[in-house]
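See below for the structure under consideration.
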2 protein chains.
Amino acid sequence: MTAESDFLEAYDPRAFPATAVTVDVVALTIRDGRLHVLLVERGEHPYAGRNALPGGFVRQETLEEAAKRELAEETGLRPENLGRIHLEQLATFGDPDRDPRMRVVSVAYLAFAPSLPDPRSGGDASAAGWFPVDDVPELAFDHGDILAAGLERARSKLEYTPLATAFVGAEFTIAELRAVYAAVWDEELHAGNFHRKVLSVPGFVESVGATTERGGERGGPRARLYRAGDARLLHPALLRPTREDDVR
Amino acid sequence: MTAESDFLEAYDPRAFPATAVTVDVVALTIRDGRLHVLLVERGEHPYAGRNALPGGFVRQETLEEAAKRELAEETGLRPENLGRIHLEQLATFGDPDRDPRMRVVSVAYLAFAPSLPDPRSGGDASAAGWFPVDDVPELAFDHGDILAAGLERARSKLEYTPLATAFVGAEFTIAELRAVYAAVWDEELHAGNFHRKVLSVPGFVESVGATTERGGERGGPRARLYRAGDARLLHPALLRPTREDDVR
DNA sequence: TGAGTTAGTCTCATGGAGAGAAGGACAGTA
DNA sequence: TACTGTCCTTCTCTCCATGAGACTAACTCA
């Protein structure tokens, strides 16, 4: 392999045009029954003062590690506590003029988390906060497009994966799970049918054998507790009600 | 906005570590009832002589334009003839050591095309060819992973989008469409049920009003011709038979 | 002309999904 | 304590999508 090592030694990485690679994270959670996204306020140009998705340049690390690092920085969570947070690659945005400084290609990641503390109180990440996704200010760069892609991915993934369990605690009730679907899909769901459906999908949830300590805030019986099962795909899927408009 | 323009003038793009951005294309087509992928033989180090997905560095263009350009170069197709080819972003691969030369982040694209001529006879793209996806040699870089991701995406997208029509000509029979599903999914399909299903999904196909000139090669009546309808999503979806193994 | 093949239609059994309702268990209030 | 309203959980009924199988008619090839 002498030819190859010679080649590698003579290779000049600067021969290619400078392109920066960043990660941006669409971090979603549910607070007060509404879907929220994590946004930070930009302190620097360009778009100073505008809200943006948390993100930054990729260092000597994998893309996923970069996304985890950015998420940890902005939420104030320690990386080791990121375990229960679902993280997946969303898409890559690289239009030549999406950043006025230079060519920046951004790999967007999507994160789902159970309700997290307000990052404002976290100290370091000063100007960060959770915003309801249906009431988001205009964002910097093309982050509005990235957010839209993240929301669509989240809505779609609830259908055929047990992702909703990433939004709730380790033990949860069927009603809590239903609230997740209702918040992400922004749809009312038939409690009885949802209950039957969730329990009928193999591996979606498994019973803990206990119930909540007390009934709901406004009455009602104690609910049985479940934890996430071992299914990676829901079969059959929980299809969201499809509007004709979506199809064409 | 003087502050911002001052900032942009003083900005030094070289301040960030050099990272190259490439696109790689998983181009799929169907030949002789089998799913094929387009591969090129690398002439240069690293991985000289190994097969790889067609791809290259991104220039002053959008990522999708780069993918189209690479695809056109390797297939010998003129860019204006790429119209009927479906192209979508697949995922981005950026592990620090995936390319021994330098940090290379690759945005992978997925392309579906009707049967194309053999690129070997196209002249320019000398060492390119179509390989059956279930009989692919070991690939350069992490292109094996990229191909696997592309196959899974293709199989999944057939379920809920009219993507299969991108594999056939402008006018096609239901049997041809069924052959696409059978090839991509590598599954036998019940002809009667498939027929009923395809015609029952609104906007999937629309009748041309004519039939094939003659029956099948081994007999049978003439088949009615259809063209792609205006649906962007299939509802209800054509779900592939799910094996229990896939679920866990 | 006959045998074999295939497009298209149909029937039947099964099971999932939506809608509605009922049985309790529980919280809050009078 | 009694009452009211909430809501978790289960059941029933109906409709529809799906899989399996069969049948007819049109066509090719020998």
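This structure is a prediction, so every number in the text was calculated from the model and none was measured. Computed from heavy atoms alone, side chains included, the values below leave out hydrogens, waters and symmetry copies.
In 5' to 3' order, the nucleotides of DNA chain C bounding all contacts with chain B (an atom under 4.0 Å from a heavy atom) are C:dG4 to C:dT11.
Proximity of residues 180-197 of chain B to DNA chain D (heavy atom under 4.0 angstrom from any strand atom) is restricted to B:His190, B:Asn193, B:Arg196, B:Lys197. At a non-hydrogen distance threshold of 4.0 Å, nothing from residues 155-178 of chain A comes into contact with DNA chain C. Within residues 211-224 of chain B, the residues that have a heavy atom under 4.0 Å from DNA chain D are, in order of number, B:Arg214, B:Gly215, B:Gly216, B:Glu217, B:Gly219, B:Gly220, B:Pro221, B:Arg222.
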Throw together a table of side-chain donor-acceptor distances under 3.5 angstrom for residues 168-175 of chain B, partners on residues two or more places apart or in other chains.
unit_1, atom_1, unit_2, atom_2, d
B:Thr173, OG1, B:Ala175, N, 3.4
B:Thr173, OG1, B:Glu176, N, 3.1

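Every pair passing ring pair (Phe, Tyr, Trp, His ring centres under 6.0 Å) that includes a residue from residues 188-213 of chain A is listed here, sequence neighbours excluded: A:Tyr181-A:Phe194.
In terms of modelled atom types and a separation under 3.5 Å, the side chain of B:Lys197 and the main chain of B:Ala237 share a donor-acceptor contact. At distances below 3.5 Å, not a single donor-acceptor pair connects side-chain atoms of B:His143 with backbone N or O atoms of B:Ala52.
For the side-chain contact (heavy atoms from CB on, under 4.5 Å) with A:Val133, the qualifying choice from A:Val26, A:Val184, A:Leu35 is A:Leu35, the only one to do so. Between B:Ser106 and the options B:Asp95, B:Thr92, B:Asp24, a side chain to side chain donor-acceptor pair (under 3.5 Å) holds for only B:Asp24.
Using the six-membered ring where Trp is involved, B:Phe112 and B:His86 have ring planes that are tilted, between 30° and 60° apart.
By the neighbour-count criterion of 12 heavy atoms within 6.0 Å, atom CG of B:Asp134 is densely surrounded, having more than that number from other residues, nucleotides or ligands. Within 6.0 Å of CG in A:Asp186 there are 12 or fewer heavy atoms belonging to other residues, nucleotides or ligands.
Between B:Gln89 and B:Val107, the closest side-chain pair of non-hydrogen atoms falls below 4.5 Å. Contact annotation: the side chain of A:Glu64 approaches that of A:Leu87 to within less than 4.5 Å [non-hydrogen atoms, C-beta and beyond].
In summary, A:Glu213 and A:Arg222 do not engage in a salt bridge, as defined by a charged side-chain N under 4.0 Å from a carboxylate O.
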